[in-house]
Amino acid sequence: SATEADLKYIAQHFPNLECLEFIHAELTPAGLAALCQCRKLKELFIQCSDLDEGTACQIARLENLEEIAISNGLVPPDI
């Protein structure tokens with residue numbers, strides 16, 4: 001599964017990446033923020049990862065996304 005360090009590595013070494021898929025990844029706000037360096041990222045698919053509100057907000061910062069799919073991953077905020 002991908003970690004925060006993995007996302008930072010991806011962003012640093014593959015800035016022209018256009019499509020990325022995560023399955024059972026440990027996505028964090030800092031890890032997803034690093035993906036902002038991937039300015040050509042158009043498609044993001046996330047499956048079975050626990051996304052909290054802060055992490056999900058980082059996805060909105062990925063400006064060039066044309067398609068996003070999240071399945072079985074959003075954790076409701078504490079009420």
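Along the sequence shown, residues are numbered consecutively beginning with 1. Keep in mind the model is a prediction, meaning the values are calculated, not measured.
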In Å and rounded to the nearest 0.5 Å, what is the [atom1] to [atom2] distance from [X] to [Y]?
X   : Y   : atom1 : atom2 : value
F22 : D6  : CZ    : CG    : 8.5 Å
R39 : L17 : CZ    : CG    : 14.0 Å
I59 : I70 : CD1   : CD1   : 4.0 Å
I46 : E21 : CD1   : CD    : 10.0 Å
L32 : L62 : CG    : CG    : 6.5 Å
E63 : L41 : CD    : CG    : 12.0 Å

Please find the pair of heavy atoms, one from [X] and one from [Y], that lie closest to each other, and give the distance.
X   : Y   : answer
A11 : A34 : CB-O, 3.1 Å
A33 : R61 : CB-NH1, 3.9 Å
A30 : K8  : O-CE, 4.3 Å

- Task: Verify whether one side chain among Q37 and Q12 offers a donor that lies under 3.5 Å from an acceptor in the other.
- Result: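 Q37 vs Q12: no donor-acceptor pair found between side chains.
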
- Say whether, by atom type as modelled, one donor and one acceptor occur between the side chain of N64 and the main chain of K40 under 3.5 angstrom.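 No; judged by distance alone, with no hydrogens or angles, the pair does not exist.
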
- How about E67: does its CD atom have over 12 heavy atoms from other parts shown lying under 6.0 Å from it?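 Yes, because the 6.0 Å sphere around CD of E67 holds more than 12 heavy atoms from other groups.
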
- For atom CZ of F45, decide whether the heavy atoms of other residues, nucleotides or ligands shown that lie under 6.0 angstrom number more than 12.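 Correct, the count exceeds 12.
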
